[in-house]
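Letters go in sequence order (proteins before strands), and every chain restarts at 1. On a predicted model such as this, the values are computed, not experimentally measured, just so you know.
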2 protein chains.
Amino acid sequence: MAKRSTVYDVAQAAGVSIATVSFTFRQPERVRAGTREAVLRAARELDYMPSASARGLARGRTGALGLFSYDLLLEEPADEPGGEEDFRTYPLYVDEVQRGFELECARRGQALLIGSDPRGEGEGVMDIVGRVDGLAVFPGARPAELLVPLARLLPVVAFATAADDGVLHHVRVDNRAGTRALVTHLARTHGIGDIGFVGETRMSDVAERFDGLRLAMADLGLRPPDGVLDPTPVGSAEPFPEVKRLHAGGALPRALVCASDQLALELMDVLDALGVAVPGDVAVTGFDGVVAGRLHRPTLTTVRQPMEAMGRLAVEILVAALEDPAAAPQRHRLPVRPLFRESCGCGRS
Amino acid sequence: MAKRSTVYDVAQAAGVSIATVSFTFRQPERVRAGTREAVLRAARELDYMPSASARGLARGRTGALGLFSYDLLLEEPADEPGGEEDFRTYPLYVDEVQRGFELECARRGQALLIGSDPRGEGEGVMDIVGRVDGLAVFPGARPAELLVPLARLLPVVAFATAADDGVLHHVRVDNRAGTRALVTHLARTHGIGDIGFVGETRMSDVAERFDGLRLAMADLGLRPPDGVLDPTPVGSAEPFPEVKRLHAGGALPRALVCASDQLALELMDVLDALGVAVPGDVAVTGFDGVVAGRLHRPTLTTVRQPMEAMGRLAVEILVAALEDPAAAPQRHRLPVRPLFRESCGCGRS
DNA sequence: CGGGCGCATCTATGCGCATAGAGCCGGACC
DNA sequence: GGTCCGGCTCTATGCGCATAGATGCGCCCG
């Protein structure tokens, strides 16, 4: 590796001072055309690449935005064994939001830093915070309060996170309207009034989904479930114990609304193993609208989040916040769209 | 935004020098336990977040790896209009490779910088090169030679790019074996001997795919096509003129092997509009193995690249190159896997 | 012919951190 | 009591760039 050349090298080669070199790149109009040419030529010959570290230090800004996941999957490399490729684990909700974030950064010429927290110990945040001017964060195991101190240092957008004491920017969707649309459809179109909710409500998004379901059922004169089914983390040893118990007792609801597509897909695997037909015996719905739901048979009825728009919006918010640091935190709630497919009893779509 | 606190603030609060603060974070074992505690406490109280810019400048390394696309799609925000969501444009080949890169960076606790070139003028590269210690690059319109000067400054991995004069690291797949597998399958299983190739061979990956097709056909005693069909960029006003002309003349081959899945999907749209049945009248195959090929009806026969593995491998190479800058550039060629689905005449799979 | 003005460029400095090398201090040992 | 040594901490410096303020130069005008 040849040593990278610096402003000093370029200045010497062009016969000017380092200030002129810097001006040539940052404020070209301040430099006479002839001088500018000379500097650019020297820079080209020396393969000059400005150090972002030095620039960031001098300017007090890094010029990059960050996207952070606490819980990025850290499985060992996937093998793609003999069968089909696995689109159940990718792209998920976060991936599509991230894509929106990327596209918007690219469109604006913003550098983008992707970070995660390998040890789960928060040091990942510290590392990334030192590198960026603004940060968007997916919800993780730990509460949003951990983000509050950060938000005093730089603008922070929290995705799908409960509102806080007013320093974070928020981007989330209308979860209640989503499950309401599902419930209404199940009741009106398929005549189903016995609906359960599967998922765990520690995450505020899921809590809202459950809430929307109960409200919608009450409005329709149906008896909402008292609580959720199987509020256990996905991937546990014995999945969906309550659903299995209900099935054993012949008391399975006619429809199961799941907190996410992933959960719905896993549930359908289990139902299949139990010999329960979907949607014949039980209708199943998801939430998110990931591609895996379309690959599954039956295709999964779900609620699609506007993920690309969410990612883009986060970038917009951060850029605006950098321009006007005094502005109040923004809270956005984006609309969702129900997708009625086979798993609720509709024809293929 | 409160001013971020610095080593100086922490040092003062803890009653030590800035060197001790720095050591506490970088070489904890050099600092007595009691002192360390005091520093960490002060750091916590002050919400100290080290500046990556300053650290990078002082150490001469940024601690981040970069991933760069020349041609990142810069369309305006997608609307997701009334119908279904669009998985034709995402995730594509590059997205899945990028995912592998991300996962491996996350696993190693490496920061990852995503860059692109909004104006198409190479300044994007300059910006990102100044921010990272190593770089992986997707092929773009411009030739790999532009990367060579970069590779003298930092390790560079080129994906899917023709070999160069020996400074770049390369990660690509066995393209010839891929089309060979398709041709063999078409001939042996479906008895098809009249096979055309659709795509444009400026990109070396595609050239290899065409080459593999011709070699395989020759080996099977079939007459390979003289040239490719429709070597025009995707998305042009009047797509696939040659295919249309052949169809008008009743001279369409019995099978069309396409340079990529995207191309195959667009081709099938056109064939559908012409009233040509796939696979009944013409078998169609793709290359890459993106999800859109599984969503299409008929499902797309294709060759799956090990994209996650490619992304992970690039990170490995870069990390190794940073540890031993004198090591020779690596060239890897990963195996591919044919996926026989409906569009070649196989049953659903 | 001197003063004043505006432009192009330069000099000098600081951004926050890492680290080489110096300094200090207490204990072991003679 | 003096010397030496090792462990801990400090002082001093440089990393490459941006930029405020100084400088010099040419030109216009009185």
Mind calculating the distance between [atom1] ([X]) and [atom2] ([N]) to the nearest angstrom?
X	N	atom1	atom2	answer
Asp9(B)	dC17(C)	CG	C1'	13 Å
Arg36(A)	dA8(C)	CZ	P	10 Å
Leu57(A)	dG16(C)	CG	C1'	5 Å
Arg59(A)	dA20(D)	CZ	P	12 Å
Tyr48(A)	dA18(D)	OH	C1'	10 Å
Glu37(B)	dT9(D)	CD	P	12 Å
Arg30(A)	dT9(C)	CZ	C1'	9 Å
Ile18(B)	dG14(D)	CD1	P	14 Å

Candidate nucleotides [options], ranked by approach to the side chain of [X] - the nearest:
X	options	result
Ala19(B)	dG16(D), dT19(C), dG14(D)	dT19(C)
Thr20(B)	dT9(D), dA18(C), dA18(D)	dT9(D)
Val31(B)	dT9(D), dC10(C), dG16(C)	dT9(D)
Phe23(B)	dT11(C), dC10(D), dG16(C)	dC10(D)
Thr35(B)	dT9(D), dG14(C), dT11(C)	dT9(D)
Ser17(A)	dA18(D), dG16(C), dC10(C)	dC10(C)
Arg32(A)	dT19(C), dG16(D), dA8(C)	dA8(C)
Ala54(B)	dG16(D), dC17(C), dT19(D)	dC17(C)

Practice task
Pick base, sugar-phosphate or nothing for Val21(B), based on heavy-atom distances below 4.0 Å to the nucleic acid.
Solution key: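 Nothing, no heavy atom under 4.0 Å.
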Handout entry: Sugar-phosphate only, base, or nothing, as touched by Thr6(B) at under 4.0 Å among non-hydrogen atoms
Key =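 Answer is sugar-phosphate: Thr6(B) comes under 4.0 Å of backbone atoms only.
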Problem - Minimum-distance pair of heavy atoms, taken over all atoms of Pro155(A) and Ala321(A) - result: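 Closest heavy-atom pair between Pro155(A) and Ala321(A): CB-CB, 3.6 Å.
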Exercise for the section: Report yes or no: does Arg131(B) contribute a side-chain atom to a donor-acceptor pair with the main-chain N or O of Ala52(A) at less than 3.5 Å? Expected result: no
Exercise for the section: Would you confirm whether the ring centroid of Phe25(B) sits within less than 6.0 angstrom of the ring centroid of Tyr48(B)? Expected result: yes
Practice task
Please tell me if the side chains of Met307(A) and Phe159(A) come closer than 4.5 Å, counting only heavy atoms from C-beta onward.
Solution key: no
Exercise for the section: Please determine if Arg108(B) and Glu104(B) form a salt bridge, counting it only when a charged side-chain N lies under 4.0 Å from a carboxylate O. Expected result: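 Salt bridge: yes.
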Exercise for the section: Check step by step if salt bridge (charged side-chain N to carboxylate O under 4.0 Å, His left out) holds for Arg59(A) and Asp133(A). Expected result: CA-CA 12 Å; Arg59(A) 288 220 286 213; Asp133(A) 298 330; over 6 Å; no
Exercise for the section: Determine: side-chain N/O of Lys3(B) to OP1/OP2 of dC15(C), distance under 4.0 Å, yes or no. Expected result: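 Result: no.
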Practice task
Check whether any side-chain nitrogen or oxygen of Ser51(A) sits under 4.0 Å from OP1 or OP2 of dG16(D), and answer yes or no.
Solution key: no
Practice task
Spell out yes or no: do the side chain of Tyr8(B) and the base of dC15(C) have one donor N/O and one acceptor N/O closer than 3.5 Å?
Solution key: no
